[in-house]
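Quick notes on the structure that follows.
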Amino acid sequence: MMVPLVLASVSEIRSTLLRNAGVTFETVPARIDEVTIRAALEAEGAKPRDVADALAEFKARKVAEKRPEALVIGCDQVLECEGRIYGKPETRDAAKAQLLELRGRRHRLLSAAVVYEAAAPVWRQIGEVSLTMRTFSDDWLDGYVARNWESIRHAVGAYKLEEEGVRLFSRIEGDYFSVLGLPLVELLNYLAARKVIPS
């Protein structure tokens, strides 16, 4: 009998990636205070990759407590530039400010996934991608935020690479799926090895 698979997220892009890969799963939102947890981790001097990993684990654990019979996948993504962690912008002005700070600079996206089984972590992976933003004009930035606000307000760094946000960049090095918020290839290999998905 196949072990039930649960994604501890309401992220549409992560769900789409798994569905497109032919994976059968349920989604159960992990209700955690992400902002407070992130702030506490940063105050303790946690490295950006540890922040992403810890948040992914918090989400997996929260849902696994209710669904101990399932394999639960928790995910989180952190944007880091020169030691500073960036989150989702709360306002249009915050989105512009973030993008102006990142303009012409290189930053990293760290996409963590943690799998829980029987209320304990059994697998984890952090995908890392390096991205360099081009030096776009202020006018173009104003138009970009105005056109895309309803979408980018839900995105770390105020961009989505699968949308117009790809035009912000001059160079991208790393796994495309990790940019989208999930180290998908590694996760699929783990699920296949565990016979959770056919292989």
Side-chain angles (χ1 to χ4, degrees), residues 7 9-21 27 29 32-43 45-56 59 75-113 126-185:
L7 178 63
S9 171
V10 291
S11 163
E12 189 52 45
I13 189 65
R14 290 186 182 112
S15 291
T16 298
L17 290 174
L18 286 170
R19 272 196 306 272
N20 288 349
T27 57
I32 65 167
D33 187 346
E34 219 170 307
V35 174
T36 301
I37 294 168
R38 178 179 279 130
L41 290 166
E42 287 186 67
K47 294 178 181 174
R49 67 183 295 113
D50 295 332
V51 172
D53 182 67
L55 286 167
K59 293 172 185 177
C75 307
D76 196 75
Q77 186 178 61
V78 165
L79 187 158
E80 179 270 329
C81 184
E82 296 180 14
R84 180 178 170 193
I85 294 175
Y86 291 75
K88 298 171 185 174
E90 294 184 5
T91 65
R92 291 172 192 250
D93 286 342
K96 287 180 191 176
Q98 279 191 10
L99 291 167
L100 285 170
E101 287 177 18
L102 297 171
R103 179 170 63 181
R105 298 165 73 191
R106 182 176 163 272
H107 67 264
R108 295 187 303 156
L109 281 179
L110 302 156
S111 293
I126 300 176
E128 183 176 328
V129 183
S130 171
L131 304 97
T132 304
M133 278 199 182
R134 65 183 181 86
T135 50
F136 44 80
S137 69
D138 290 353
D139 285 346
W140 186 85
L141 175 60
D142 288 344
Y144 165 77
V145 171
R147 287 188 299 276
N148 295 283
W149 170 243
E150 285 308 315
S151 178
I152 64 173
R153 63 195 294 255
H154 304 293
V156 167
Y159 63 81
K160 290 187 177 179
L161 208 65
E162 67 275 24
E163 297 175 2
E164 190 182 354
V166 71
R167 293 178 56 190
L168 293 163
F169 296 95
S170 59
R171 186 172 179 81
I172 298 167
E173 301 166 79
D175 174 55
Y176 178 68
F177 297 115
S178 290
V179 175
L180 301 182
L182 184 66
L184 181 64
V185 173

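In this structure, Ile85 CD1 and Lys47 NZ are separated by 12.5 Å, a value rounded to the nearest 0.5 Å. Once rounded to the nearest 0.5 Å, the distance linking CZ of Arg105 with CD of Glu82 reads 4.0 Å. Atoms NZ and OG1, on Lys96 and Thr91 in that order, are 9.5 Å from each other to the nearest 0.5 Å. In this structure, CD1 in Ile152 is found 10.0 Å from CZ in Arg147, a value given to the nearest 0.5 Å. A distance of 7.0 Å separates CG of Leu110 from CD1 of Ile126, quoted to the nearest 0.5 Å. In this structure, CD1 in Ile13 is found 12.0 Å from SG in Cys75, a value given to the nearest 0.5 Å.
Under the 30°/60° scheme for interplanar angles, the aromatic rings of Trp140 and Phe136 are found to be tilted.
Side-chain contact between Leu18 and Leu182 is present, with heavy atoms from C-beta onward closer than 4.5 Å. Side-chain contact check for Glu80 versus Val51: every heavy-atom pair is 4.5 Å or farther apart. The side-chain heavy atoms of Leu102 and Leu168, taken from C-beta on, include no pair separated by under 4.5 Å. At a threshold of 4.5 Å between non-hydrogen side-chain atoms, the residues Glu101 and Tyr86 count as touching. At least one side-chain heavy atom of Val78 sits less than 4.5 Å from a side-chain heavy atom of Arg38. With a 4.5 Å cut-off on side-chain heavy atoms, Ser15 and Leu7 count as touching. Residues Ile172 and Val129 are in side-chain contact: their nearest non-hydrogen atoms beyond the backbone lie under 4.5 Å apart. Side chains of Leu41 and Asp50 form no contact here, defined as non-hydrogen atoms less than 4.5 Å apart.
Residues Ser9 and Arg14 come closest through the heavy atom pair OG-NH1, 4.0 Å. His107 and Met133 get closest at one heavy-atom pair: CE1-CE, 4.1 Å. Listed here is the closest heavy atom pair of Ser178 and Gln77: O-NE2, 3.0 Å. Listed here is the closest heavy atom pair of Leu161 and Val166: O-CB, 3.3 Å. The two residues Ala95 and Trp149 come nearest to each other via the heavy atoms CB-CZ3, 3.8 Å. Pro89 and Ala158 get closest at one heavy-atom pair: CG-CB, 3.8 Å.
Evaluation of the salt bridge (Lys or Arg N to Asp or Glu O under 4.0 Å) rule for Glu163 yields no partner, not counting sequence neighbours.
Around atom CD of Glu150, more than 12 heavy atoms belonging to other residues, nucleotides or ligands sit under 6.0 Å away.
The closest donor-acceptor contact from the side chain of Gln98 to the backbone of Gly87 lies under 3.5 Å. Within the 3.5 Å criterion, the main-chain N or O of Tyr159 finds no donor-acceptor partner in the side chain of Glu164. Judged by distance alone, the side chain of Arg106 and the main-chain N or O of Ser130 form no donor-acceptor pair under 3.5 Å. Checking side-chain atoms of Glu173 against main-chain N and O of Thr132 turns up no donor-acceptor pair under 3.5 Å.
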- Item | Intermediate values then yes/no, side-chain contact (heavy atoms from CB on, under 4.5 Å), Lys160 and Asn148 | CA-CA 9 Å; Lys160 290 187 177 179; Asn148 295 283; over 6 Å; no
- Would you please test Asp93 and Val145 for side-chain contact (heavy atoms from CB on, under 4.5 Å) and show each step? CA-CA 9 Å; Asp93 286 342; Val145 171; over 6 Å; no
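Checked for salt-bridge contact, Lys59 and Glu34 meet the test: a charged N lies under 4.0 Å from a carboxylate O. Taking the charged nitrogens against the carboxylate oxygens, Arg84 and Glu42 have no contact shorter than 4.0 Å, which rules out a salt bridge.
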